[in-house]
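Just the heavy atoms: all of them, side chains too, but no hydrogens, waters or symmetry mates, feed the values below.
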Amino acid sequence: MSSDDDIPPLPADLRFLKLLVTTLAGVMIVGLVTIVGLLVTRLSTPAPLPVLPDTITLPDGATAAAVTFARDWLVVVTEGGEVLLYGAQGGAPVSITPLP
């Protein structure tokens with residue numbers, strides 16, 4: 001039979017190592033919780049959509065299937081298979097390219 005008094009204390013350098021490992025585990029847990037919290041808060045809010053100029057004029061009978069925003073250009077792909085290139089201010093298309 002052994003009691004707690006029979007166990008010798010840990011050496012000083014081993015106690016320090018145990019403290020370092022425990023601290024490292026705690027810091028890693030706090031960091032992981034922080035990263036997960038930031039991901040949840042950042043990804044749960046929807047991204048703001050770019051503002052479409054009011055002056056965009058589509059050709060007669062054209063229906064937009066996709067819109068892409070670039071720095072100085074606005075690209076509209078129609079359901080009829082055309083790519084319409086607009087300036088940043090909108091207006092009439094600068095270029096109309098049929099898709100193959």
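In this structure, Met28 is not a member of the same hydrophobic cluster as Val33, with clusters built from ILVMFWY side-chain heavy atoms closer than 4.5 Å. The same ILVMFWY cluster, assembled from side-chain heavy atoms under 4.5 Å apart, contains both Ile96 and Val76. Hydrophobic clustering, with ILVMFWY side chains joined whenever heavy atoms are under 4.5 angstrom apart, groups Ile56 together with Val67.
Side-chain atoms of Leu99 and Val77, non-hydrogen and from C-beta on, do get closer than 4.5 Å to each other. Side-chain contact between Leu58 and Tyr86: present, with at least one pair of heavy atoms (C-beta onward) separated by less than 4.5 Å.
Cluster partners of Leu38, using a side-chain heavy-atom cutoff of under 4.5 Å among ILVMFWY residues and allowing indirect links: none.
Enclosure of atom CZ in Phe69 by more than 12 non-hydrogen atoms of other residues, nucleotides or ligands within 6.0 angstrom is indicated.
Of all non-hydrogen atoms in Thr55 and Gln89, the two that sit nearest each other are OG1-O, 2.7 Å. Across Ala65 and Glu79, no two heavy atoms sit closer than the pair CB-CG, 3.7 Å. Shown here for Pro59 and Leu84, the closest heavy-atom pair between the two residues is CD-CD1, 3.6 Å.
Separation of atoms CD1 (Ile29) and CG (Leu24) is listed at 10.0 Å; rounding is to 0.5 Å.
Here the side chain of Thr78 pairs no donor or acceptor atom with the backbone of Ala64 at under 3.5 angstrom.
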